[in-house]
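Predicted model, so just to flag it, every value in this text is computed and none were measured.
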Amino acid sequence: MSKTANGNTHPAYEHLLEMIMAKQLMPGDRIPEVGISQELGISRTPIRDAMRRLANEGLIEIFPNRFAKVAEYSEDSIRDIGVVRIALDTMAIRLAAMFSSRADCLRLKGIAQQCLDAYNAGDKKKRWLYDIDFHMELANMSRNDLLIKFQKELYLRVRFIMLHHPNPVENQKVHLRQHLDLADALMEHDEQKAQAIIIDQLTSFYNLRDKFPETFFGDACSLSALKIN
């Protein structure tokens, strides 16, 4: 793995990740191993280690003995990620309803407000990062280490999608206010309402409604049925 002896991430990994997230390398672009090697003053071995790690994290595709390129996500692969997100977030809500404290819910609501404030200020980058922080905090409230690990591994892909694929949500402000509603629902121990909110949000974001039956993600979790639109 691209880590130094003391356990810190290798500069080659951080450099490559920053190039991708700063759009210096775009989906489909080949990774310039030689150029990065010269720029960082290191051999190509740690760069290849970094590429293997980023490939495992879904950001790079490697073609052995040929080249590596920044990943390209199809609509189907993005929807697949959406389905997994719903599975993880709904389970996180069920566990958070059992194990989280009022302080946890207030912290979650604080992140939701920061996300909305960033949107209102027109700061797209902060809005994305707070959005991810919100869902990671929800995972932390589950008190389930494996679920948290899966979410961390998934959210690098989510960040990549947010960066390179425009948000399809028509009313982003309503979408972001749902974060506040979800935190309130958990504070009120209303698990059904919290489930309904997250399913409505993610099925909308990932365009899943045309691909799955209405009751696929839970027939009890309907925003219209709960009258909380």
Side-chain angles (χ1 to χ4, degrees), residues 9 14 17-18 21 57-59 78 80-163 165 167-169 171-206 208 217-218 221 223 226 228:
T9 303
E14 293 290 354
L17 180 60
E18 177 60 25
M21 293 304 181
E57 292 171 340
L59 300 193
I78 291 173
D80 287 346
I81 288 173
V83 171
V84 174
R85 283 193 68 188
I86 289 175
L88 291 175
D89 276 358
T90 52
M91 179 54 69
I93 284 171
R94 292 183 66 189
L95 292 169
M98 289 183 63
F99 299 119
S100 64
S101 65
R102 180 175 176 81
D104 292 328
C105 295
L106 289 171
R107 185 165 55 251
L108 187 70
K109 189 170 183 177
I111 297 171
Q113 187 62 56
Q114 288 176 308
C115 188
L116 184 59
D117 290 345
Y119 168 79
N120 289 333
D123 193 329
K124 187 178 293 186
K125 183 177 180 180
K126 279 189 177 180
R127 172 257 186 271
W128 288 340
L129 293 177
Y130 283 131
D131 192 304
I132 291 171
D133 286 348
F134 177 88
H135 291 272
M136 279 307 310
E137 183 60 29
L138 185 60
N140 291 334
M141 288 166 63
S142 76
R143 306 290 197 268
N144 185 297
D145 290 341
L146 193 57
L147 188 150
I148 294 167
K149 177 178 181 292
F150 288 158
Q151 282 283 44
K152 285 180 179 177
E153 292 174 354
L154 183 65
Y155 268 96
L156 204 54
R157 291 174 169 87
V158 172
R159 186 179 166 195
F160 182 88
I161 290 168
M162 286 180 168
L163 184 65
H165 298 269
N167 191 325
V169 176
N171 193 327
Q172 290 196 43
K173 195 164 189 175
V174 170
H175 180 84
L176 295 176
R177 287 198 63 83
Q178 286 182 315
H179 288 159
L180 295 167
D181 294 337
L182 194 156
D184 284 340
L186 283 175
M187 206 173 313
E188 296 161 4
H189 306 288
D190 192 338
E191 179 187 331
Q192 186 183 19
K193 182 176 178 180
Q195 294 271 7
I197 291 169
I198 205 67
I199 291 170
D200 181 73
Q201 187 182 72
L202 294 179
T203 53
S204 173
F205 186 87
Y206 288 98
L208 299 176
F217 296 106
C221 294
L223 280 176
L226 292 171
I228 58 173

*side-chain contact (heavy atoms from CB on, under 4.5 Å) between Gln178 and His175: does it pass, once the steps are laid out?*
CA-CA 5 Å; Gln178 286 182 315; His175 180 84; 4.2 Å; yes
*CD1-CZ distance between Ile161 and Phe205, expressed to the nearest 0.5 angstrom*: 7.5 Å
_Sub-4.5 Å side-chain heavy-atom contact between Ile198 and Arg85_ = no
*Can you measure from CG (Asp190) to CG (Asp181) and round to the nearest 0.5 angstrom?*
11.0 Å
*Are the side chains of Gln151 and Val158 in touch, meaning some heavy atoms are under 4.5 Å apart?*
no
*Go through the steps for Leu202 and Leu208 under the test side-chain contact (heavy atoms from CB on, under 4.5 Å), then give the verdict.*
CA-CA 8 Å; Leu202 294 179; Leu208 299 176; 5.6 Å; no
*Given Arg127 and Asp123, is the salt bridge (Lys or Arg N to Asp or Glu O under 4.0 Å) satisfied, shown in steps?*
CA-CA 6 Å; Arg127 172 257 186 271; Asp123 193 329; over 6 Å; no
*Start with the C-alpha gap between Ile93 and Leu182, add the side-chain angles, then the distance that decides, and say whether side-chain contact (heavy atoms from CB on, under 4.5 Å) holds.*
CA-CA 9 Å; Ile93 284 171; Leu182 194 156; 4.1 Å; yes
*Could you give the distance from NZ (Lys109) to CG (Leu186), rounded to the nearest 0.5 Å?*
11.5 Å
*If you round to the nearest 0.5 Å, how far is CD1 of Ile111 from CG of Asp133?*
5.5 Å
*Search all heavy atoms of Leu163 against all heavy atoms of Trp128 and return the closest pair with its distance.*
CD1-CZ3, 3.5 Å
For residues 136-144, run the donor-acceptor check on the side chains, cut-off 3.5 Å, and write out each pair with its distance to 0.1 Å, sequence neighbours left out.
| unit_1 | atom_1 | unit_2 | atom_2 | d |
| --- | --- | --- | --- | --- |
| Glu137 | OE2 | Arg107 | NE | 3.0 |
| Glu137 | OE2 | Arg107 | NH2 | 3.4 |
| Asn140 | ND2 | Met136 | O | 3.4 |
| Ser142 | OG | Ala139 | O | 2.6 |
| Ser142 | OG | Asn144 | N | 3.1 |
| Arg143 | NH1 | Asp104 | OD2 | 3.4 |
| Arg143 | NH2 | Asp104 | OD2 | 2.7 |
| Asn144 | OD1 | Leu146 | N | 3.1 |
| Asn144 | OD1 | Leu147 | N | 2.9 |

_Between Glu57 and Arg157 (side chain of the first, backbone of the second, donor and acceptor by atom type, cut-off under 3.5 Å), is there such a pair?_
no
*Taking only residues two or more places apart in sequence, or in another chain, which ones meet His135 in a ring-ring contact (aromatic ring centres under 6.0 Å, His included)?*
His179
*To the nearest 0.5 angstrom, please state how far the CD atom of Gln113 sits from the CG atom of Leu108.*
12.0 Å
_Rounded distance (nearest 0.5 Å) linking atom CD of Gln201 with atom OH of Tyr206_ = 9.5 Å
*Residue pair Phe217 / Ile86: nearest heavy atoms and the distance that separates them*: CD2-CG2, 3.7 Å
*Stepwise side-chain contact (heavy atoms from CB on, under 4.5 Å) check, Gln195 with Arg94*: CA-CA 8 Å; Gln195 294 271 7; Arg94 292 183 66 189; 2.9 Å; yes
*asked:* Within the 4.5 Å heavy-atom criterion, are Met162 and Tyr155 side-chain neighbours or not?
replied: no
_Nearest heavy atoms of Leu176 and Cys115, plus distance in Å_ = CD2-SG, 3.6 Å
